[in-house]
Amino acid sequence: MFKVEELLRPNIRQLVPYSSARDEFKGEAQVFLDANENSLGSPLTRWYNRYPDPLQAKVKQALSQIKGVPPEHIFLGNGSDECIDILFRAFCNPGKDNVIINPPTYGMYEVSAHINDIEVRRAVLQDDFQLDLVHLENLVDENTKIIWICSPNNPTANSMNREDVEIVLNNFAGLVVVDEAYINFSRHKSFIQELKDYPNLVVLQTLSKAWGLAGLRLGMAFASTAIIDVYNKVKPPYNISQATQELVLQALGEVEQVNEMIRILVSQREQLAKDLAALPLVSKIYHSDANFLLVKVSDARRVYDYLLEQGIVVRDRSKVELCEGCLRITVGTERENKDLIASLKQFLS
Ligand SMILES: *Cc1c(COP(=O)(O)O)cnc(C)c1O
């Protein structure tokens with residue numbers, strides 16, 4: 001039986017959370033003199049002189065409709081980065097506990113672990129970029145609190161086999177985080193509908209990629225109410241600004257526009273893959289379930305430097321394990337992709 005209480009750090013179990021003015025009084029009133037705000041207003045026309053809703057009820061309601069998950073199973077963070085960091089702070093005892101990552105993968109799991117003085121154990125992916133379950137299992141001990149799975153994975157662009165993720169969920173006694181930042185570009189099913197079956201599951205998503213809102217900083221964690229309660233207890237009281245809440249609410253009304261962008265980006269991804277494959281300097285293009293391609297080229301560093309001279313910046317992943325000789329290229333607009341291909345053709349001559 002999985003019990004969130006038993007996995008928590010003792011100091012978090014005993015924590016009396018901060019109680020903000022907006023927590024203590026939630027109703028309507030004529031005069032608000034409870035939060036030391038500036039009653040005169042602000043230089044802006046909106047009501048930015050008031051503190052925002054600490055639990056973002058309206059945004060969660062709208063997200064709940066789109067995702068088909070009740071609001072009490074949703075936590076909103078200042079980017080996924082906050083959703084990641086809070087799990088370390090709530091569940092991992094510094095200097096004692098460990099977590100497992102599956103490299104090559106998103107760098108923030110490791111950075112956040114190190115900030116929190118948590119040991120990171122590495123179950124490197126297999127050559128086909130799938131989970132190495134045997135290695136994973138061997139790394140688990142009684143101090144292993146979290147297993148981080150990124151699917152579709154950054155920078156390898158593939159999705160993890162669903163059965164493998166289910167095996168981890170069914171056999172690991174700690175938290176299993178499935179980071180689905182790129183799920184909208186994939187044909188694979190999200191794990192977001194499996195929360196009922198897995199009390200140890202945390203699904204991360206973000207508005208930074210498919211939704212095109214990286215600048216607003218909104219990350220989402222979907223989990224059991226017990227885990228969401230922990231998130232809410234540990235988070236800074238007003239972690240999502242009023243401006244972000246208003247703009248996100250407006251954007252969430254435009255699902256069709258976002259779906260259209262996803263369709264375009266996926267079709268551009270396929271076109272870009274085809275065009276790249278025709279270039280002699282490209283030796284391999286890995287299958288992508290994301291909005292980027294992992295591309296193996298001859299002499300990656302020279303190609304990277306050359307593109308930079310042409311004003312095009314890609315990500316050099318050539319020194320990353322299993323990604324030797326690879327560049328990570330984000331799918332751009334049709335124009336940008338054409339410019340990239342044109343530049344690479346020049347490199348040949
Ligand atoms: C881009 C990305 C994110 C998004 O992070 P935000 O802080 O929400 O912008 C999360 N996870 C992975 C794997 C990513 O590549």
Side-chain angles (χ1 to χ4, degrees), residues 56 59-60 63 66-67 74-89 99-113 115 120 122-123 125 129 131 146-160 165 175-186 188 190-192 201-223 231 235-236 239-241 243-245 247-248 251-252 258 261-262 265 269 286 288-294 313-317 320 322-323 326-332:
Q56 312 97 19
V59 177
K60 284 180 186 167
L63 274 172
I66 293 169
K67 302 287 179 183
I74 306 175
F75 168 77
L76 301 181
N78 186 355
S80 305
D81 298 339
E82 186 175 43
C83 302
I84 293 167
D85 181 67
I86 289 179
L87 290 180
F88 281 107
R89 287 194 284 143
V99 300
I100 301 176
I101 63 172
N102 302 275
T105 192
Y106 186 46
M108 271 313 287
Y109 316 137
E110 187 158 14
V111 172
S112 199
I115 289 170
V120 175
R122 306 159 65 84
L125 296 174
F129 295 154
L131 296 173
I146 308 175
I147 295 177
W148 298 88
I149 296 173
C150 190
S151 180
N153 187 38
N154 177 2
T156 58
N158 64 304
S159 302
M160 298 301 142
V165 178
L175 292 182
V176 179
V177 180
V178 180
D179 186 342
E180 297 185 338
Y182 299 98
I183 192 72
N184 300 101
F185 303 107
S186 161
H188 291 257
S190 166
F191 269 92
I192 207 174
L201 169 64
V202 178
V203 177
L204 300 184
Q205 293 186 4
T206 178
L207 297 189
S208 295
K209 307 285 155 67
W211 282 85
L213 297 172
L216 292 186
R217 312 305 304 128
L218 198 93
M220 304 164 265
F222 303 89
Y231 263 117
K235 83 184 185 77
N239 61 326
I240 308 296
S241 79
T244 293
Q245 292 191 41
L247 289 167
V248 162
L252 292 176
V258 173
M261 288 200 291
I262 293 166
L265 288 169
R269 177 183 78 202
Y286 292 88
S288 174
D289 282 332
N291 65 339
F292 60 86
L293 292 171
L294 186 70
V313 51
V314 298
R315 199 85 197 265
D316 180 8
R317 301 281 80 183
V320 172
L322 300 187
C323 299
C326 288
L327 300 175
R328 194 194 71 188
I329 303 176
T330 306
V331 177

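As the structure lists them, so they are numbered: ligands from 1, and atoms in each ligand from 1.
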Exercise. Can you check whether P155's main-chain N or O pairs, donor with acceptor, with R315's side chain at less than 3.5 Å?
Worked result: no
For this session: Look only at the side chain of N153 and the backbone of F129, and say whether a donor-acceptor pair between them is shorter than 3.5 Å.
Result: no
Exercise. Hey, is E110 close enough to R122 for a salt bridge, meaning N to O under 4.0 Å?
Worked result: yes
Exercise. About how many Å separate CG of L201 and CD1 of I149, when rounded to the nearest 0.5 Å?
Worked result: 9.5 Å
For this session: Go through F292 and Y182 one step at a time and tell me if the ring-ring contact (aromatic ring centres under 6.0 Å, His included) criterion holds.
Result: CA-CA 10 Å; F292 60 86; Y182 299 98; 5.1 Å; yes
Exercise. Is the count of non-hydrogen atoms from other residues, nucleotides or ligands lying under 6.0 Å from R89 atom CZ greater than 12?
Worked result: yes
Between ligand 1 and the protein, which N/O pairs are shorter than 3.5 Å?
{"unit_1": "ligand 1", "atom_1": "7 (O)", "unit_2": "S80", "atom_2": "N", "d": "3.0"}
{"unit_1": "ligand 1", "atom_1": "7 (O)", "unit_2": "D81", "atom_2": "N", "d": "3.4"}
{"unit_1": "ligand 1", "atom_1": "7 (O)", "unit_2": "R217", "atom_2": "NH2", "d": "2.6"}
{"unit_1": "ligand 1", "atom_1": "8 (O)", "unit_2": "S80", "atom_2": "N", "d": "2.7"}
{"unit_1": "ligand 1", "atom_1": "8 (O)", "unit_2": "S80", "atom_2": "OG", "d": "2.8"}
{"unit_1": "ligand 1", "atom_1": "8 (O)", "unit_2": "T206", "atom_2": "OG1", "d": "2.7"}
{"unit_1": "ligand 1", "atom_1": "9 (O)", "unit_2": "S208", "atom_2": "OG", "d": "2.7"}
{"unit_1": "ligand 1", "atom_1": "9 (O)", "unit_2": "R217", "atom_2": "NH1", "d": "2.9"}
{"unit_1": "ligand 1", "atom_1": "9 (O)", "unit_2": "R217", "atom_2": "NH2", "d": "3.3"}
{"unit_1": "ligand 1", "atom_1": "11 (N)", "unit_2": "D179", "atom_2": "OD1", "d": "3.4"}
{"unit_1": "ligand 1", "atom_1": "11 (N)", "unit_2": "D179", "atom_2": "OD2", "d": "2.7"}
{"unit_1": "ligand 1", "atom_1": "15 (O)", "unit_2": "N154", "atom_2": "ND2", "d": "2.9"}
{"unit_1": "ligand 1", "atom_1": "15 (O)", "unit_2": "Y182", "atom_2": "OH", "d": "2.7"}
{"unit_1": "ligand 1", "atom_1": "15 (O)", "unit_2": "K209", "atom_2": "NZ", "d": "3.2"}

